[in-house]
Every structure is written in structure tokens, then in C-alpha cells.
There are 2 protein chains.
Amino acid sequence: MNERIRLGIAGYGNLGRGVEAAIAQNPDTELVGIFTRRNPESVRPLSPKIAVHPLDGIDAFADRIDVLVLCGGSKADLPEQGPALAARFNTVDSFDTHARIPQYFEAVDAAARAGGKVSIIAVGWDPGLFSLARLYGESVLAQGATYTFWGRGLSQGHSDAIRRVPGVRAGVQYTVPVSDAIERVRRGENPSLSTREKHTRECWVVLDEGADARAVEHAIRSMPDYFADYDTTVHFIDEATLHREHSAMPHGGFVIRTGTTGERTSQALEFSLKLDSNPEFTASVLVAYARAAARLSRSGQAGARTVFDVAPALLSPKSAAALRAELL
Amino acid sequence: MNERIRLGIAGYGNLGRGVEAAIAQNPDTELVGIFTRRNPESVRPLSPKIAVHPLDGIDAFADRIDVLVLCGGSKADLPEQGPALAARFNTVDSFDTHARIPQYFEAVDAAARAGGKVSIIAVGWDPGLFSLARLYGESVLAQGATYTFWGRGLSQGHSDAIRRVPGVRAGVQYTVPVSDAIERVRRGENPSLSTREKHTRECWVVLDEGADARAVEHAIRSMPDYFADYDTTVHFIDEATLHREHSAMPHGGFVIRTGTTGERTSQALEFSLKLDSNPEFTASVLVAYARAAARLSRSGQAGARTVFDVAPALLSPKSAAALRAELL
């Protein structure tokens, strides 16, 4: 690659900051600018050299950006921004509401086709690398079962749910996989596992002054969808402890495929991640797929894609010949 | 997919038998026949319904085979058969002499392009799925280090080397990864590991009558390239024990990528395999890539490919929409 891939960042929270850092680690990419719906003056990039612009003026940058990395949230931002920006820019995003992926794909695909652009959606680790592990696993072991375990890691959605409980000033929630269940899967037992048997939930809560700890604990543990189906533990701590010990955003997990070939021969694949920062890792995956989006667009393609549609070689800055010689 | 993918098997040893079994597990594929350089009468397929033909008459089957699965060895068979058959058939193979992959790729690519066929070479787990883990790992974590450990598993090449030692009647060799080294890599220590520190070698040997055990042990342990650079243990057993306890062909291993993002945040990916039968698993991977080869050919492509060039979705019998809904 002779010319660097010019990237823009749309939205600058933890994920956007992670993308800025990842671009700095990939010498074949460069950051054109950050685009925000906030007041640009209020945004402080990691590097003071990076320009910050209002998102609603981004069309003026159409000729200067090869791929726009969408760093908004899946709930409120991407359902609207994804299709809108896909019509005018090649994009990558980390849309992660699994149940809505098909309809989001259709909306982005229509916009990208109309605009002659490429959009790779749902990039990150789940959806993303874990999805790939599930696909490779079931494709190469046709008879078998696939299991996904998450954690130990901080879940943003469950932490938000805790914070909505009356009497809670602050708090975080960790999803913890059950070791015994993982071991049973690894041994090829092919177990039927209930929700409760796969993961536990661990909450670290700071109470409002005068709040009733027992009432808060009960409210959390009985919350439908989020906690009622799990063995949940609630720990009360002070605010200083929360900030000191629970400010990082670690995550990870395991995808395990076990199956049989031939005359009942056991075979097992496992892919696991251990991440000290979930948003920084997701950002790093996004930049690799931005490289792929630039190449797909250059080769004349248009429309939405997922990690399933992207040939692995497109992710690497190395040539096909170098990959064959060094990594195959 | 409405029509089944019609496959042929060229070469019928452990790998060919594994391919026959894998085809039976994939209902969108069917086996047209087995092609052999031996006397076809001497070949006994798993299913008595399968026809066995002489390999030198295979051209007559050109219209009846969508993809030919080459099951010969990398040393003597594939360097000649690969390019020759790639000119007339879509092929997949498990060529695994890492150092010769670039030149093998060029030879097959020239033949396949000339014939308008697709050939996916070096398919299996290493090269193959482990290569993919290395590529995804270094692409999504640009700053880091990649480690591959093999085993515990039976190495065919090292077992052959043992059997060439005077005084050895029979024997097998297991490659064993050093747990302590794996743990250091997992902890993100990024260690420099010598050959000796990564793997040990374990030999199980049956002596010829009257052979000198100490001389045999010395000859094995001091053998250059194969054993001299490793901590090697040699166990002497009788032939019945060898057949009872060492007839399986287990293998596996670990690919670990550790790296940092942002301000020195540690991140780690790991892919591992635990295989009770190396040839059956390799065969199962070959059939998934045969599906991809059929699709690439149908879409008008020609030339050699590796696992790096094949979009993951092409491996699955499911539609793109089903993959997005079920696995993403």
C-alpha cells in the first residue's frame, strides 16, 4: 500500500478515543478528523493536533475521507446515523444489538448500494471475532455444538440497569462465566445449560445517603431479564473504592465448538479473549476492518458487509505474498 | 443451495478416509468416487457403495466432479499432482510444507488460471485454522507478539525419523508444549523462547530383538534437526503396548496473540484445538473449503487461493441472511 488510508471518527466517547489510539498504531492509516454532535470545543482528542468538526458539516469532507468509523451507540445513534452516513461514506461500525442486526443490515445495505459505498457493520468481538469463531467452528465441524461464555467482564447494559434502581448512587456489574460449565463443555459433554448455569452476575454498588441496602439488593436481584434468572451477588462499597477498583472496562470470554468426526472421534476448537479494555479492543478491530472497507471500495464493490463476508487477507497491511510466506 | 456439491477424493489413506467420513456429515455434498494410483481393487472405502477408480483415468470424470479433494502427501504426491490436477479440476489440498508454500502456490496458481479452475491450497489446521488465528490476531492487535505451540500430539515426521534409527522396530513421537512457557505467554510477558523452552519430545519405541537400548536412545536424542535441540525422553515398550496405546493420531495446540492498545492496555487472543484424530479433523476442514471452492468457481473466479483469501461465509451451507440472524 503506497497511500495511507484516510479515516474519520464519528462520535468521540470511549470507543472513539480507542479508534484514535488504534490509528496511531497502524502506520498505513491516518486520522483526518473527529466529527461530533457536541460542541467541538468541548472535545479533547488524545493528540492535540487532531481537528474536531461538527458532524453536521461532514459532507464537505467527502473527498478527504476513505472510511468513516462510526463510534456512536447501538441504541440511539447507529440506527439513524448508520444508514444516513453509509449513503455518503464508506463506513465501519460496531452495531451490537444482536436481535436487530438483520434489519440494521438491510437499512445500511440499501443506503450503501444507492451511494456506491461499502459499509461493514457489527464489527468488534461479539458481534465480530466471536461470530467468526462460531462460523468457522460449525463449518469445519459439521456435527457438534457451539457454546459462548462471556466474561469475566463489565457489562454496560447491566451496569446501567443497576444505576436506575432507587437508592443507588453508582455501580458496576460484572458478568462471570461459570468455570464448571466451561469445563464440562471442554470435556465434550455437550451439556444442556440453563441461563443460571452458564453465568453469574456480580454487582458493586454505592448507595445514596440513607438508602436501604436490603431493599436495593432485593430490587437488583429480582429485576426481570437483567438479574432474576441469574445467581446475583451485590456488594456495597464507597465511592472512592468504586473509582479506584472498578473504573477499568475489562471483558472477554470463550467460544467453544465441540463435535465428532468419523466414528465418534472427539474434536474441540476454542477461541478466547482476555481484554483489559473492551472499548480499546473493539476500536482496534474496527480499524482493521476499516482497512478492508477501503480495499473493497477500491475494488468497485458497494453495499453492506459483515465480518462473515470479508476475506481475512483484507484485514492485514501485508501483501498476499508476504502473508503466505510469513503466516500461512 | 439446491444441488449438492459433487466431490472426488484423490488418494485414499487416513486423510482420504477422513474426507469420505466428512462428506457423509455434510448433506449438501456428495462423493462421486475415490481415485487411486494403487490397484482400485485393493482400496476398501468406508461405504461399500463408493466406486474406486484409477487416478490416471480421472479426466473422464471432469463433468461429474465439482471439486477434487487431494489427499496425497506434501512430500512426494502434491508437488506433482497439485499443479497437474489444478489445470483440469477445482481442487482443495492440505499441502503443509510451510517453507515451500510460496513456490507451490505459484505452480498451482499458473495451472488453475490456465484451466479456468479454482484451487485452495494448504487447508487444514496448520497451515489452515492456525494461520487464520495468526492473521486475525496480528491484524486486530497491531502491536504485539504471536506464539504458536503444538501438541500434545503425534508428529508423523518425527515418528518416521525414529523408525529410521537402526535397532528400532516401531515407534511414535509426541510433541508436547511446555506448560510454563504457555502460561508466561498468556500472562503477556512476551518472552523470548528458545526451541527447547517451547516444546519437549516424547518417544515410545519398540526395539528389534537384541538391539542396544542405550545406543538407540543416544541415536534418537542426538539426532540433528529432529531431536538434538529438544529435551527428549525415550520410553521402550513392547509391540502390543504400542498398538494398544499409541495407534490414535491425536494433535492440537495453541495460537496466542498478546498485545497492547492505547496507553499500554494488555489484550490477549487465544485459539486452541484439541483433536483426537488429526487426519479426520484436517479432512473435515478440507470439505468446508471444498464448498468454498465450488462457490468461487461458480462465481467465475480462477487461480490459487489460500484460507486467507476465502471469505468465512463461503464455508457454511447456510445463507448469508441465516448467518447474520443466527451466528453474528
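A, B, ... follow the sequence lines: proteins, then strands. Residue 1 opens every chain. Here the structure is a predicted model, which is why all the values come from computation and not from measurement.
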Residues A/V307 and A/L132: closest non-hydrogen pair is O-CD2, 3.7 Å
Cut-off 4.5 Å, heavy atoms of chain B, and the answer for A/V310 is backbone
Cut-off 4.5 Å, heavy atoms of chain A, and the answer for B/F281 is both
Determine the interplanar angle of the A/F271 and B/F271 rings, folded into 0 to 90°, and report it as parallel if under 30°, tilted if 30 to 60°, perpendicular if over 60°. tilted
Closest non-hydrogen atoms of A/R134 and A/T146, given as atom of the first, atom of the second and distance, are CG-CG2, 3.8 Å
Does A/S316 use its side chain to pair, donor to acceptor, with the backbone of A/A313 at less than 3.5 Å? no
Given A/S131, A/A288, A/P312, the one with more heavy-atom pairs under 4.5 angstrom with chain B than any other is A/P312
Here the pair of heavy atoms bringing B/I121 nearest to B/V108 is CG2-CG1, 4.0 Å
Answer key: most heavy-atom pairs under 4.5 Å with chain B among A/D309, A/I101, A/T306, A/L323 is A/L323
Honestly, the part of B/D96 sitting under 4.5 Å from a heavy atom of chain A is neither
Applying a strict 4.5 Å limit to non-hydrogen atoms, the region of B/E106 in contact with chain A is side chain
**Message:** With a 3.5 Å distance limit and no angle check, can you tell me whether B/S119 reaches the backbone of B/A86 through a side-chain donor-acceptor pair?
**Reply:** no
Next on the checklist: Taking A/K318 first and then B/E138, would you say they form a salt bridge - that is, a charged N and a carboxylate O separated by under 4.0 Å?
Outcome noted: yes
When rounded to the nearest 0.5 Å, the distance separating CD1 of B/I34 from CZ of B/R44 is 11.0 Å
If one checks every heavy atom of A/F105 against chain B at 4.5 Å, the contacting part turns out to be side chain
Scored by heavy-atom pairs under 4.5 Å with chain B, the best of A/S272, A/P102, A/A325, A/A99 is A/S272
One should read off an interatomic distance between B/N190 CG and B/Y147 OH, to the nearest 0.5 angstrom, of 4.0 Å
Between B/A294 and B/I5 the two heavy atoms that sit nearest each other are CB-CG2, 3.8 Å
Comparing A/L314, A/T148, A/L135 against chain B, the one with the most heavy-atom pairs below 4.5 Å turns out to be A/L135
Whatever's closer than 4.5 Å to a heavy atom in chain A on B/L46 counts as neither
Max heavy-atom pairs within cutoff under 4.5 Å with chain B, candidates A/A142, A/P250, A/A133, goes to A/A142
field: Flag if over 12 foreign heavy atoms under 6.0 Å of CZ, A/R100
entry: no
In terms of heavy-atom contacts, A/H251 and A/W150 come closest through CE1-CB, 4.1 Å
Nearest heavy-atom approach of B/P279 to B/L15 is O-CD1, 3.6 Å
Ranked by heavy-atom pairs below 4.5 Å to chain B, first place among A/G252, A/G128, A/S139 goes to A/S139
Turns out that what part of A/Y289 lies under 4.5 Å from chain B's heavy atoms comes down to side chain
Among residues 253-265 of chain B, those lying within the under-4.5 Å heavy-atom range of chain A are B/T260, B/T261, B/G262, B/E263, B/T265
Under a 4.5 Å heavy-atom criterion, the part of residues 17-27 of chain A in contact with chain B comprises A/A21, A/Q25, A/N26
